[in-house]
Amino acid sequence: MKNKNYESQMEHIKDWCVVILDFIVAKNINFKEFTEPTKDNLNKYYKNNSQRFYKGFQQSYRDINEMAKFLTPLEYEELNAILNEKFGKDLNHINPVIDRRIAKVLKIGKISNLEEYELLLNRVEEIYSDTSKADEI
């Protein structure tokens, strides 16, 4: 990946993570001790074009997205609305590989193994409280 791509990807990750971290702190001030240093590091290093920092940003992205799954269903839905407005996607559609694998299982109409079962179960757990996703469930 060229340096310019690292920088734009890292800036997107920084922006995405900051929105989630700000939301989490707004809902629970006790997370401020964690979020402030994390945001400072994201802001400090996002212009660094090294692959080493890029991999760290990717890990932060995964961890912060996973952390958001522990919000209440109503808060999770609220955060997704904010992310959709700002980025055109939400936490339910951030991994196109998983989306394609789910689509493939649904197209076949049959769960063939434990991995596919867990994939679909995780998806249902993510969206079960969102009434607008009832058809998908």
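Residue numbers count from 1 along this sequence. What you see is a predicted model, and the numbers here were worked out from it, not measured in a lab.
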*Evaluate the ring planes of H12 and F87, with Trp represented by its six-membered ring, and classify them as parallel (under 30°), tilted (30 to 60°) or perpendicular (over 60°).*
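Answer is perpendicular, since the angle exceeds 60°.
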*Same hydrophobic cluster for L114 and I102, using side-chain heavy-atom links shorter than 4.5 Å among ILVMFWY?*
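Yes.
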*Do I111 and I108 share a hydrophobic cluster (ILVMFWY, side-chain heavy atoms under 4.5 Å, transitive)?*
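In one cluster: no.
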Residues in side chain to side chain donor-acceptor pair (under 3.5 Å) with [X], at least two apart?
{"X": "N30", "answer": "N28"}
{"X": "Y76", "answer": "N92"}
{"X": "E75", "answer": "T72"}
{"X": "Q59", "answer": "R62, D63"}

*State whether the number of non-hydrogen atoms from other residues, nucleotides or ligands found under 6.0 Å of K89 atom NZ is greater than 12.*
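Counting other residues, nucleotides and ligands, NZ of K89 exceeds 12 neighbours.
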*Residues in salt bridge (charged side-chain N to carboxylate O under 4.0 Å, His left out) with K69, at least two apart?*
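Per chain and number, K69 pairs via salt bridge (charged side-chain N to carboxylate O under 4.0 Å, His left out) with E66, E126.
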List the atom pairs, donor and acceptor, that lie under 3.5 Å between side-chain atoms in residues 13-27 and the rest of the protein, sequence neighbours left out.
from	atom 1	to	atom 2	distance (Å)
W16	NE1	N65	OD1	2.7
D22	OD1	K39	NZ	2.5
K27	NZ	E78	OE1	3.2
K27	NZ	E78	OE2	3.4

Enter the distance from [X]:[atom1] to [Y]:[atom2] here, rounded to the nearest 0.5 Å.
{"X": "L42", "Y": "I64", "atom1": "CG", "atom2": "CD1", "result": "5.5 Å"}
{"X": "D90", "Y": "L83", "atom1": "CG", "atom2": "CG", "result": "7.0 Å"}
{"X": "L74", "Y": "L79", "atom1": "CG", "atom2": "CG", "result": "11.5 Å"}

*Please report the shortest heavy-atom distance between Q9 and Y54, naming the atom on each side.*
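Taking Q9 first and Y54 second, the nearest heavy atoms are CB-CE1, 3.5 Å.
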*How would you list all residue pairs meeting salt bridge (charged side-chain N to carboxylate O under 4.0 Å, His left out) that involve residues 111-122, not counting sequence neighbours?*
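Pairs touching residues 111-122 that pass the test: R101-E115.
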